[in-house]
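Note that this is a predicted model, so its numbers are computed, not measured.
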Amino acid sequence: QKKALLVSQAVTLLIGTLALLLALNMHDVLTLMFYSYGFMVSGLFIPIIGGLFFKRRSSLAAIMAMLVGGSVTTVLQYFNIPTWQSLDPNVFGIAASMVVFLILNRAFGTKVSALNT
């Protein structure tokens, strides 16, 4: 339990530092909100759909899909990287999230019956 607390504190410090660096580079609140909504949409859409409709579920798959999907979208937006056919970065974030979720959910997912939900 002590190790879990230290890991939690380290992750919180890392995320806080990254958030502070991102906020220092933003010139207006609207841009920051745009990035945060992109991160949320790309990160949460697939794990929520998977949690609702898949019979096999994995918390590891959901967490990793959130991080990968949100990160892909954020990197594409922040560095203004041109995308294929000028598609919105959220498309690529959602696609990355789906790939990660499907692979990890297949590998680590456990069957959940309707009575256990």
Subject >> Arg106, CZ: over 12 other non-hydrogen atoms inside 6.0 angstrom >> reply: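 Incorrect, the count does not exceed 12.
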Original post:
Should we count CZ of Phe45 as having more than 12 external heavy atoms under 6.0 Å?
Top reply: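 12 or below, so no.
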Distance in Å, [X] [atom1] paired with [Y] [atom2], rounded so as to fall on 0.5 Å steps:
| X | Y | atom1 | atom2 | result |
| --- | --- | --- | --- | --- |
| Asn90 | Ser97 | CG | OG | 11.0 Å |
| Leu18 | Thr74 | CG | OG1 | 10.5 Å |
| Leu60 | Asn105 | CG | CG | 9.5 Å |
| Ile103 | Phe108 | CD1 | CZ | 11.0 Å |
| Met64 | Ser58 | CE | OG | 10.5 Å |
| Asp88 | Gln77 | CG | CD | 7.0 Å |

Subject >> Pair Phe54 and Phe101, ring centroids less than 6.0 Å apart >> reply: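 For Phe54 and Phe101, the ring centres are under 6.0 Å apart.
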Applying the 4.5 Å side-chain criterion to the ILVMFWY set and letting contacts propagate, would [X] and [Y] be lumped into a single cluster?
| X | Y | value |
| --- | --- | --- |
| Val68 | Ile46 | no |
| Leu87 | Val72 | yes |
| Val11 | Leu67 | no |
| Leu102 | Ile48 | yes |
| Leu24 | Tyr78 | no |

Subject >> Short side-chain to backbone donor-acceptor contact, Thr73 and Gly69, under 3.5 Å >> reply: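 The answer is yes, because a donor-acceptor pair under 3.5 Å joins these two groups.
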Original post:
Are any side-chain N or O atoms of Asn80 and backbone N or O atoms of Leu76, one a donor and one an acceptor, separated by less than 3.5 Å?
Top reply: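 Side chain of Asn80 to backbone of Leu76, a donor-acceptor pair under 3.5 Å: no, none is there.
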Subject >> Which atom of Thr12 lies closest to which atom of Ser8, heavy atoms considered >> reply: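 For Thr12 versus Ser8, the nearest heavy atoms are OG1-O, 2.8 Å.
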Subject >> Closest contact, heavy atoms only, Met26 versus Leu32 >> reply: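 Reported closest heavy-atom pair: CG-CD1, 3.6 Å.
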**OP:** Verify side-chain contact (heavy atoms from CB on, under 4.5 Å) between Lys111 and Lys55, making sure each step is shown before the conclusion.
**Re:** CA-CA 6 Å; Lys111 285 201 175 217; Lys55 292 184 185 206; 5.5 Å; no
**OP:** Could you check Thr110 against Arg57 for side-chain contact (heavy atoms from CB on, under 4.5 Å), going step by step and ending with a plain yes or no?
**Re:** CA-CA 5 Å; Thr110 57; Arg57 297 181 188 154; 5.5 Å; no
